[in-house]
Amino acid sequence: MLVGEIPPMLGSLAYLQYLDIGGNNLTGNIPSSIGNLSSLSILFLSKNRLVGSIPDSLGKLSHINKLDLFGNKLSGVVPPLIFNLSLLTGLDLGVNDLEGNLPWDLGNTLPQLRFFSVACNRFMGHIPASISNSSNLQILQLSENNLQGQVPSLHKLTRLTRLSLYDNSLGYDQVGDLKFVSSLANATNLRFLQICHNNFKGVFPKTICNFSSLVHLSLSNNNIAGEIPVCIENVATLQLIHARNNVLSGVIPRGIGKLQNLNYLFLHGNQLSGVIPTSIGNLTKMSTLLLSKNRLEGQIPSSLGNCISLNGLDLSNNNLSKSIPPQLFNLPVLTIGLDLSGNHLTGSLPEEVGRLTNLDALDLSRNLLSGQIPSSLGGCMSLEFLHMGGNNFQGTIPDSLQALKGLLYLNLSYNNLSGRIPNFVQSFKLQGLDLSNNNLEGEVPDDGVFSNASSAYIRGNTMLCGGIPELKLRSCSLSNNAQRRKPENKKKILTFAILVILLLVVLVLLYTFKHRERTKKPTASDDLENFPNLSYQTLLKATNGFSSECLVGSGKFGVVYKGILDEDESTVAIKVFKLQNHGATKSFMAECGVLRSIRHRNLLKVVTACSSVDYQGRDFKALVYEYMANGSLQDWLHPEDSLIIRVEEVNNMSRHLNLFQRIDIAVDVAFALDYLHYHCGASIVHCDLKPSNILLDDEMVAHVGDFGLAKFLLKVINNDPNSNQSSSVGVRGTIGYAPPEYGVGNEVSTYGDVYSFGILLLEIFTGKRPTDGMFNGGISLHYFVKEALPKRVIEILDHVLVQDIESEEADNNLMLLTSILEIAVSCTTEVPRERLDMSDVAAKLSSIRNKFLGTRLQQRRRIHTGTQG
Ligand SMILES: *[C@@H]1O[C@H](CO)[C@@H](O)[C@H](O)[C@H]1NC(C)=O
Ligand SMILES: *[C@@H]1O[C@H](CO)[C@@H](O)[C@H](O)[C@H]1NC(C)=O
Ligand SMILES: *[C@@H]1O[C@H](CO)[C@@H](O)[C@H](O)[C@H]1NC(C)=O
Ligand SMILES: *[C@@H]1O[C@H](CO)[C@@H](O)[C@H](O)[C@H]1NC(C)=O
Ligand SMILES: *[C@@H]1O[C@H](CO)[C@@H](O)[C@H](O)[C@H]1NC(C)=O
Ligand SMILES: *[C@@H]1O[C@H](CO)[C@@H](O)[C@H](O)[C@H]1NC(C)=O
């Protein structure tokens, strides 16, 4: 890591052609002497802390090809000469504090440009019409500035893969604002079209149906009208459609069910009408579906229960009617929220609701639901927010709700509930409680949420009494409860007797326990007690207050931050869990201790943990891992997934993993699994092996992360160190990587991990993910590779590997690769017991690697000299 200022004398190295000092901690100004590096073709100063303005002298770098100043704190106006450097193919000024206009002739002066980004600055004025003349552009990112006016025709940009214009003031709020989208009709490789948060008016552009590679379409927060075109069903590559907060009308096309790759569909805040098409159940990869604030009607389709990846569903504020289909409650990973409020739903709340054990928020308010509150609702143990107000629920508040210990907000107002307010409500850490306008009776508790008159609403229940004085209820006088007194007295006597007995038992136990303790020797569990617990404050400091700058990833179980620990300045990765269960502390620390005791060169090391409460008084739990400088395998295999692509990643071969690196990674992961399965005491099943869980250190050694996390979390959630329960579907891996038998309810097993490993192996060498759009109709990744073996291997290889193969040793290399793929294929057979086991796999792969080693040295030399530039 370089620190301090860039020395001005650097400018005297006139022969320098390539200067990459990006990603350091450099401060101060860019010395103007850099302009003297007249041979320079590549200059990367990105991701430092450089300040001040860009020196005019950079405009003298007449041989410069790629200039990357991304991610600094540069300010002021960009020297106009920079835009005259006609050999530039990549120019990244993104994420700085730059201002001014883009020059009107930009596209004429920079004809070679393939990558251009000024995203996240303070540029103003219009997008120059000449931009279309820069017809090699592949990536154009102007998002998050103050640009305005009409977007010019982009018809010559036929190679565009990414157009990001979001968060500007573009468009005049006039019909015709979207003409530029039609002008892109020949840009058939467009993958990302991001124009949300502008002033665009017009109708939903049909042209998007011509973008046969489109992955992200985001149009939200404009003034776009018209219908969603039926032809959208042909854009099978779509993964994300954001079109919320516009004025779209008409129906949701039935063909939406053909978009098998869709993960996110955000259409809330429009004027869509008609029914929700049944075909939506075909979208098994969809994770978030938001259709609220429209005019949708009819029944909620029960086929939604087939959207097995849904983790958030919002259908609120529509005109939906009839009963809630119970299938909705079978959604295995519905965790974030289910909002059906503000409709005309009738009937009772199905018993099945209790299956949503990991759900955070449930809102059924403002409907016409009736009947009892099902006692199974107590099964939704993760609930923080529960709103059932404004219905016609009857009967008492069920006792089973005392399981909802994580509730922060509870609203049952405007129903027809009767009976007493259960005592357990005062033991919840509620921040808001609304039981108003029911028929509740009896004494109001006075502890917990009831101790503050402004956080507990209970008015409109004429038969309540007692509580804190501020509630101004009548006191529960004896006469009032005359009928109840006798049974209550009896109860009191009974309770007293039980208490006395319990006390005796406890005393006896304490005595025996103490006695034993004196003779007991320290054991392993004492070690676990000593497992260091880092404080919340320490982690808060390490991550700059959990700032978004430090956020490096997020997943099913929580979010990951990069942090620097004060004590020894070591960089760590901090995984913050989302767990609602209180009192899980002890088992959490014990489990962390167990995780820490599992050590292997290819497993991500758990450094320590934190179990504490945050400043809001909520439970806070985090695991601290060693930091992996080279990110995840996912980032390397699919760099196009990251939201901001960097110049150096576009045409830079060195960013790809070569054949040998891939083999090394495969062997590393195989050894890690072999260790988990057979050599660390109890056999540990990973459960969720996939590229994003494989991390690469600064020497590109692979470390498997999140091992055993699924089971670990279950134990913590259940607060039961002996729990071996693995039935929760939510933790059974990720679609595409989880073996088929998990889908039909089989126990997790080491065979399942072997399957996931096989898929991973196939992905590493073909570059295709198991969920790729091409795999449907019975053709899986497994089948795709199996069919090509042994003759057509070269056709299915990741194309960037082909050049690594072609050498004098090509035949030999191909043969070895074929044997790797054969192993992968036999790891991914349907029948679990027919799969190899990890120790065999590891042994075979490592012997193949040794055979490669023979030819490796000479090839390595070739790769290093062949592809740079
Ligand atoms: C684009 O290039 C053509 C040919 O060089 C030129 O005539 C035209 O004026 C340019 N367009 C803009 C808007 O600068
Ligand atoms: C697309 O290409 C065709 C054929 O080259 C051309 O006729 C048409 O005008 C182009 N469309 C746009 C919008 O540029
Ligand atoms: C766009 O798609 C429509 C049909 O969906 C087709 O008729 C038209 O030719 C396409 N345009 C281009 C430029 O490919
Ligand atoms: C939904 O999937 C079924 C079978 O998987 C298929 O027959 C049907 O055409 C699909 N529906 C739509 C609208 O894509
Ligand atoms: C409220 O519930 C009671 C029974 O608990 C029932 O008699 C009454 O009709 C209900 N009121 C309404 C408006 O449904
Ligand atoms: C009572 O609750 C209100 C809002 O919920 C809060 O502002 C206030 O500080 C609380 N008062 C006490 C004494 O906790």
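For ligands, and for the atoms within them, numbers begin at 1 and follow the listed sequence.
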Any idea which of Pro128, Ser130, Ser134 brings a heavy atom closest to atom 13 (C) of ligand 1?
Ser130
Is it true that the side chains of Arg159 and Asn136 contain a donor and an acceptor less than 3.5 Å apart?
yes
Just checking, is any N or O donor in the side chain of Asn439 or Asn416 under 3.5 Å from an acceptor N or O on the other one?
yes
Could you find the nearest protein heavy atom to [atom] and give me its residue, atom name and distance?
atom                    : answer
atom 14 (O) of ligand 1 : Asn108 ND2, 3.0 Å
atom 9 (O) of ligand 5  : Asn416 ND2, 4.6 Å
atom 5 (O) of ligand 1  : Asn133 ND2, 4.6 Å
atom 4 (C) of ligand 5  : Gln394 OE1, 4.4 Å

Number the atoms of ligand 5 from 1 as they appear, then name those within less than 4.0 Å of a heavy atom of Asn392, with their elements.
14 (O)
Output yes when a protein non-hydrogen atom is found under 4.0 Å of atom 2 (O) of ligand 5, and no otherwise.
yes
Strictly inside 4.0 angstrom of atom 11 (N) of ligand 5, do you find any protein heavy atom?
yes
Those atoms of ligand 2 less than 4.0 Å from some heavy atom in His155:
14 (O)
May I ask you to check whether over 12 heavy atoms, not counting those of Tyr414, lie within 6.0 Å of atom OH?
no
Measure the spacing between CD of Gln299 and CG of Leu345 and express it to the nearest 0.5 Å.
9.5 Å
Heavy-atom pair of closest approach, residues Pro374 and Glu351:
CB-OE2, 3.8 Å
Minimum heavy-atom distance between Leu349 and Met388, given as atom pair plus value:
CD2-CE, 4.1 Å
Do Tyr166 and His197 pass the ring pair (Phe, Tyr, Trp, His ring centres under 6.0 Å) test, and can you show the C-alpha distance, the side-chain angles, and the key distance before you say yes or no?
CA-CA 6 Å; Tyr166 60 88; His197 292 270; 8.1 Å; no
Ser418 versus ligand 5: do any nitrogen or oxygen atoms come within less than 3.5 Å of each other?
no
